[in-house]
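First the proteins, then the strands, lettered A, B, ... as listed; each starts at 1. The basis for the numbers below is simple: all heavy atoms, side chains too, and nothing from hydrogens, waters or symmetry mates.
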Amino acid sequence: MTVRTRFAPSPTGYLHIGGVRTALFNWLLAKQAGGQFILRIDDTDSKRNVAEALQPILDGFTWLGIDWDEGPTKNGTDSIGPHGCYFQSQRLEKYQSAVTQLLESGHAYRDFSKPEEYSGEREAAEKEKRDFVYSRTWMAETDEQAAAFEAEGRKSVVRLKMPREGKCEFHDLVRGDVSFEWAGQSDTVIQRNDGSCLYNLATVVDDCDFEITHVVRAVEHLANTPRQIFIAQSLGFESPQFAHLPFVAEPGGSKKLSKRDIEKYLNNKDFKRLYKSGADIAERIGIQGDPKTFNPVLADFYRDVGFLPDAVVNYLLLLGWSLDDKTEEFTREEMIEHFSLGRVVKGQASFDSQKLTAVQSNYMNRLNLKRKVKMCLPFLQKAGLIPTPIECEQQAYLKQIIEAADDRICMAGDILKFDTFFVADEDLEFEEKPFQKRLVKPEQAGFLLGEAVKLFATVDDWMADSLEKDLKQFCESQGVGIGDIIHALRVATTGKAAGFGMFDTLEVLGREKTIARIGWALDELSDRTNAAT
RNA sequence: GGCCCAUUCGUCUAGUGGCAGGACGUCAGGUUUUCAAUCUGAAGACAAGAGUUCGAUUCUCUUAUGGGCUACCA
């Protein structure tokens, strides 16, 4: 049997990180078995522009390397695959004929209750603390009954006529044997008065039609499973195997991670930090950083700030699944080889941005220089710090910077922290506090920098190693510690208090820029001291 | 309210009828020109109660807590 799994997003305009994990598990299961992973678009309820709202989702999966064998085309305007159309909105006849079949076989009925009548019964049951079972007072099973209700001006929906005896038992690939009393299952509406069909019906019809063998989805659907099994049985379909995954919980909490509560998550220190570093990058490259549309709950966020898709996927794999007591890192091939539903945990797993960042950092550090450069370059170009296309000379310069920055670049957008290397010497801005602390306050800073310029002008070899030697010698001759000059030098040449190694910095900048920048810094310094006196 | 599900360090997890292991994070110390990084070390968990048992984190029951469904949402 070919394994066929599916993920069924609604076109909402964004790809939720919890959804990505569900899709990933489906994808892994299919890949492992040499089967197919299908994308089905649940757009029955959609009033918005589907193509537009679908695109970010398709782009997200494409970026993550979670490819689908059947489903919409990459631009979302058409379908590709042997089952025709993978958009629910265009499969309405299929649902209609299923409804007709269920009505004819007596597994569903037309219900003429008014909404308040139905909910009245439910509330009464709740008040009496008993299980709610619909009285079926307004059920019409014959045309005469229906006509009589219609004469009263009532409108009908189609409800499932659920069994009221026995149990629904099924085996869940994650949770083991599960059982529900049939009597506890309400007569779910499957078709509205306007003819549109509802989720429970549509999903069963589609899963059968697309020959889905494994339905892997979040646990909130566990309680829907009995009615879906009932629909499948009534229609004469074989039910797929079910696997219900624990949901991804909010940072530091146990509630389901939701896009809506983003404001609340921003109270979480770690989540906020990740958002903040992302938003800083976004601002520099002209992306709207509004937390409503740009935040770490959405897959886009990670692409936009320069995460590696492999890192995101690796982190998500470990959220609710593990291979053993040690293995943390998996290539795609290893994931596909080792994944199993049996090792999915049952409890919810909360989203931890620190761990995700740590995984990303490891992946980034292992990247070779060439790939790092390739990842970082677009950020500098979008920020207007490097022209497109890049000149050869600048390519080499960038390479040097990234090499010197070493593991200080966690996400590719972090390269913007080193923007100081890309501005013209005369435009270099000195951060106020460090300038005060390292240049204004220490009395000899100006003098030492002036002497250093003389030194720099004459050294033979402009390489980090020899610069270090030269500068240490210089300090000795001046009778000062290296710390006395290095801080001032850093602020003078980069404008900032922190950066990568001082001698690497000098080497990267080169003699000319180093001397020029110190010159500008000394100018600034004397301006201030003059103003003060 | 009813039904169903879950619960191991702060977080993600491993594991077993007999010493609870790893990762991220945290803390302390070393190294260091800043920031990182790195090295060494430390702290840190079986939700509670009862039962079965020589022995229970592990099996059973009860409670608590969290969550889901109970929609003319998906």
For A:Arg438, report the nucleic acid contact type (base, sugar-phosphate, nothing); a contact means any heavy atom under 4.0 Å. nothing
What's A:Val345 touching, base or sugar-phosphate or nothing? Going by heavy atoms closer than 4.0 Å. sugar-phosphate
Take atom NZ in A:Lys264; do more than 12 heavy atoms of anything else shown fall under 6.0 Å from it? yes
Looking at B:rC35, does its base get a donor-acceptor pair with the side chain of A:Arg408 below 3.5 Å? yes
So what does A:Arg227 touch, heavy atoms closer than 4.0 Å: a base, only the sugar-phosphate, or nothing? sugar-phosphate
Quick one: label A:Tyr118 by what it contacts on the DNA or RNA (base, sugar-phosphate, nothing), any heavy atom closer than 4.0 Å. sugar-phosphate
At 4.0 Å (heavy atoms only), tell me whether A:Lys127 reaches a base, stays on the sugar-phosphate, or touches nothing. nothing
Kindly say whether, by distance alone, the side chain of A:Lys326 makes a donor-acceptor pair under 3.5 Å with the base of B:rA23? no
Whole-Å P distance, B:rC61 and B:rG21: 29 Å
Please tell me if A:Arg122 has a side-chain N or O lying less than 4.0 Å from either OP1 or OP2 of B:rG2. no
If B:rA47 has a Watson-Crick or G-U wobble mate with both distances under 3.5 Å, name it; if not, just say none. B:rU63
Extract all donor-acceptor atom pairs below 3.5 Å that involve side chains of residues 198-205 of chain A and protein atoms in other chains or at least two apart in sequence.
residue, atom, partner, partner atom, Å
A:Tyr199, OH, A:His221, ND1, 3.1
A:Asn200, OD1, A:Gln228, NE2, 2.9
A:Thr203, OG1, A:Arg6, NH2, 3.3
A:Thr203, OG1, A:Arg40, NH2, 3.0

Let's test this: given Watson-Crick or G-U wobble pairing with both distances under 3.5 Å, identify the partner of B:rG1. B:rU70
Report the glycosidic orientation of B:rC19: syn if within 90° of 0, anti in every other case. syn
Determine: side-chain N/O of A:Lys129 to OP1/OP2 of B:rG2, distance under 4.0 Å, yes or no. no
Counting just side-chain N and O atoms, does A:Ser350 come under 4.0 Å of either OP1 or OP2 of B:rU11? no
Taking the six-membered ring of A:Tyr134 (Phe, Tyr or Trp), confirm whether the NZ or CZ of A:Arg159 is under 6.0 Å from its centre and within 45° of its axis. yes
If the cut-off is 4.0 Å, is A:Arg175 near the phosphate of B:rG68, judged by side-chain N/O to OP1 or OP2? no
Using Watson-Crick geometry (N1-N3 plus N6-O4 or O6-N4) or G-U wobble (N1-O2, O6-N3), each under 3.5 Å, B:rA28 is paired with B:rU40
Given the P atoms of B:rA74 and B:rC4, what is the spacing between them in whole Å? 25 Å
Hey, does A:Phe180 reach any base, or is it just sugar-phosphate, or nothing, if we go heavy atoms under 4.0 Å? sugar-phosphate
Touch check for A:Gly347, heavy atoms < 4.0 angstrom, all strands: base, sugar-phosphate only, or nothing? sugar-phosphate
A:Arg21 NZ/CZ over A:Phe25 ring centroid, <6.0 Å and within 45° of normal: yes
Once you apply a heavy-atom cut-off of 4.0 Å, does A:Gly320 come out as touching a base, just sugar-phosphate, or nothing? sugar-phosphate
Establish, yes or no, whether the cationic atom of A:Arg110 lies under 6.0 Å from the six-membered ring centre of A:Phe112 and within 45° of the ring axis. no
Checking A:Tyr315 against A:Asp352: is there a side-chain donor and acceptor pair closer than 3.5 Å? no
Quote, to the nearest angstrom, the C1' distance that separates B:rC46 from B:rU8. 4 Å
Expressed in whole Å, how much space separates the C1' atoms belonging to B:rC9 and B:rU13? 11 Å
Using heavy-atom distances to pick each residue's nearest nucleotide on RNA chain B, tell me which of A:Lys114 and A:Lys346 is more 5'. A:Lys346
Euclidean distance for P, B:rU40 against B:rU58 (whole angstrom): 36 Å
